[in-house]
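Encoded as structure tokens, the structure appears first; notes follow it.
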Number of protein chains: 2
Amino acid sequence: MPLSERKKQILRAITHDYINSAEPVGSRTIARRYSLGVSPATIRNEMADLEEDGYLEQPYTSAGRIPSDKGYRFYVDALMDPHKLNEAEIRQVQSTLRGEHSQMGELVHESARLLAFLSQYTALVVAPNLSHGAIRRLQLIPLDEWNVLLVLVIDPGFVQSHIVETTRSLQVEEVARINDFFNRRLFGVMAADISSTLLGEMREEVRDEALMAEALVLLGRGLGSLNKEQVFLDGTIHLFNQPEFKDIDKVKVLLNILDNEKVVWDLLNDTLGNSGIRITIGSENPHEGFQHCSLVTASYELDGHVLGKVGVLGPTRMNYERVVTIVEYIAANLSELLTDAGR
Amino acid sequence: MPLSERKKQILRAITHDYINSAEPVGSRTIARRYSLGVSPATIRNEMADLEEDGYLEQPYTSAGRIPSDKGYRFYVDALMDPHKLNEAEIRQVQSTLRGEHSQMGELVHESARLLAFLSQYTALVVAPNLSHGAIRRLQLIPLDEWNVLLVLVIDPGFVQSHIVETTRSLQVEEVARINDFFNRRLFGVMAADISSTLLGEMREEVRDEALMAEALVLLGRGLGSLNKEQVFLDGTIHLFNQPEFKDIDKVKVLLNILDNEKVVWDLLNDTLGNSGIRITIGSENPHEGFQHCSLVTASYELDGHVLGKVGVLGPTRMNYERVVTIVEYIAANLSELLTDAGR
DNA sequence: GGTTAGCACTCACCCTAGCAGAGTGCTAAC
DNA sequence: GTTAGCACTCTGCTAGGGTGAGTGCTAACC
């Protein structure tokens, strides 16, 4: 049975109040602060109903009410109003992200900082999986007798470089020939597709040439480290400002979990391919340890392909209205910037 | 007046005990745990003397004693025994640092992780100041009509790359000519020395060639971002395990300070040029906010030049014997690896 | 003169009891 | 269906007393 309009108003009021104060909310407070035109006693009756239906809970007998995970879920889905970023905040995003970034990786890092700063919660960002990007340029640069630098530029401008050892010194013309061959064959190819089959084909083509075969080995070695997905964390310090984490042990547990890149990656990517904003509330989260946390994530994309994720982690009592707006805005900006960079 | 041998023994015993237990140490404990051959009463008398001389202090009347900053200083300078790393630890350092690092920067980052893990305190590392490294290779790679990638390899293998916009599309031969000119003129030159004078000279040489002049502008732009020194922090989580930081506000203050890269940099570098191990205890630290912390730092070097610093930050009640050994060992390993890489 | 036992004293820490305050559920009246 | 009144519950705070670790001092001892 759907909630009456008045119940919705009360649930919204309690959620708002609790998000601001972190204190259980009583019927008097609601009656005083939100003019619903009814007395505390009436609100008390409604609250009892809402609790019975699972939207609210009581930390202990005769305390005020706080929203349950189900309550937050309903609030997020049906009750909250979108928050507007103000002029200064928009300007800050624009200038920070559009500033000079000598490397694309820096842009992603910067996004995490911005996200943490604006939301005042902890920001999580997964850097693009480069193995799904198209190769734009691939070049060997001889350094000295035994070392060459393999530089890989992947759309829309991510640069990876690896120093690799060679078994013999390469001549300038040889390097030129290799570079030429590589770029002719690999321009525009998705890095992940280079795997065994394509390398095999190329090996066929150059069968008779020891030089090229060796170059292919170098390439393979360089591509190997491409799959590593980087996770950026920022603003863990904001956890301490939340009263629910005033107990130092809780923060310790959380930080220990977040130290594990794999976990953070899973956290953000169990929704891979799923674009748009996504909110995970408390117990909805599969990873225990985040039972009292909520996560708001969004993807950033290039040409319709999900490149990576940005997210904000905070207590379930998080300011969803604001966080959703911020995450959405930054993800959109990132997508836009990456697309522009590829032009 | 110098301390008697017995006073030294007692000071050492108290320091050891306090480092282990974090509890003020009483005369009975000392008599029981360390066989000095005297009764608690005698020890009490000696402790009273040590307090009068400023080596010990009492948190409150009729509690045990704890070392003062002066006490720690004396301990560090004259009393402590060097700690030996065990087999497993040595193997771990070797394998972690000597493992595959596609980029030198990763090596530095890895050192911070290792330092934090082994010491169980917070690790601080300043990455090498590249502007003092010799240029080994410098190369433009055309990406598309408007962008080229400037790749800079600096001894002993640090790679920096920047995408720069050009005002016009460059021909293949032009790029080759530029690369050739650059490497001929700049090989082995210290990045910092490229500044205005050398660029000016080069500009003279190519005065009549618009192409080269433009290339020089690109180079200047790329070099600009070289001065930025990166600071790595790791193991901040270990702060929480220290009883002196069980008060969440203290940790918050500390983390807020550490968030500021400039401060961390200053912290490590007020000893720049000064090689060897350095220990800063509590109030010896110029930055207030670190009044209850100690810092153990060492430089890592290349060819006798200080490249950067590694350090460990913990409470004044830190295990100096162990930390000093670890910091020394890792700094030495880093120096060695960097030197080897340059061969 | 240095060392030791004995003793009174101090102070943090822990536990308990009591009190105030916020908020509830229930009942009865509107 | 709504509201006022009231008894009840539970937390958080404060004050008081007991405990224990450790000291400084004094006097006796070698």
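Sequence lines set the chain letters: A, B, ... in the order given, protein chains first and strands last, and positions in each chain run from 1.
A salt bridge does not link B:R73 to B:D69: none of the charged nitrogens lies less than 4.0 Å from a carboxylate oxygen.
Distance NZ (A:K7) to P (D:dT2): 10 Å, rounded to an integer number of Å. Counting to the nearest Å, the P atom of C:dA12 and the CD atom of B:E23 are 14 Å from each other. As rounded to whole Å, 18 Å separates atom P of C:dG2 from atom CD of B:E5. Regarding A:Q58, its CD atom lies at a distance of 11 Å from the P atom of D:dT11, rounded to whole Å. Here the C1' atom of nucleotide D:dT23 and the CZ atom of B:R65 are 7 Å apart, to the nearest Å. As rounded to whole Å, 12 Å separates atom P of D:dG24 from atom CG of B:L50. Protein atom OH of A:Y18 is 19 Å distant from nucleotide atom P of C:dA22, rounded to whole Å. Regarding B:I43, its CD1 atom lies at a distance of 17 Å from the P atom of C:dG2, rounded to whole Å.
The side chain of A:T42 places no N or O atom within less than 4.0 Å of a non-bridging phosphate oxygen (OP1 or OP2) of D:dT2. Listed pair B:R32 / D:dG22 fails the phosphate criterion, with no side-chain N or O lying under 4.0 Å from OP1 or OP2. Under 4.0 angstrom from either OP1 or OP2 of D:dG20 there lies no side-chain N or O belonging to B:R28.
The A:Y60 side chain lies nearest to D:dT11 when the options are C:dA12, D:dT11, C:dA5. Comparing C:dT3, D:dG24, D:dA4 by their closest approach to the side chain of B:R6 singles out C:dT3. Side-chain proximity of A:T61 to the nucleotides D:dT9, C:dA5, D:dA4 is greatest for D:dT9.
Judged by distance alone with a 3.5 Å cut-off, a donor-acceptor contact links the side chain of B:R44 to the base of C:dG6. At a cut-off of 3.5 angstrom, counting only N and O atoms as typed in the model, there is a donor on one side and an acceptor on the other between the side-chain of B:S62 and the base of C:dT10.
Checked against a 6.0 Å centroid threshold, the rings of B:Y18 and B:Y72 do not count as neighbours.
When both pairing distances are held under 3.5 Å, C:dA28 makes a Watson-Crick or G-U pair with D:dT3.
Using modelled atom types and a 3.5 Å distance limit, the side chains of A:Q120 and A:R322 yield no donor-acceptor pair.
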inquiry  = Working note: A:M80 + A:V324, criterion side-chain contact (heavy atoms from CB on, under 4.5 Å); need CA distance, chi angles, decisive distance, verdict.
reply    = CA-CA 10 Å; A:M80 74 177 176; A:V324 166; 3.8 Å; yes

message = Set out, in order, the CA-CA distance, both residues' side-chain angles and the distance that settles side chain to side chain donor-acceptor pair (under 3.5 Å) for A:S294 and A:Y320, then state yes or no.
response = CA-CA 9 Å; A:S294 284; A:Y320 294 96; 2.7 Å; yes

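Summary of the strand contacts: B:N45 and A:G64 both lie near DNA chain C, and taking for each the nucleotide with the nearest heavy atom, the more 5' one is attributed to B:N45.
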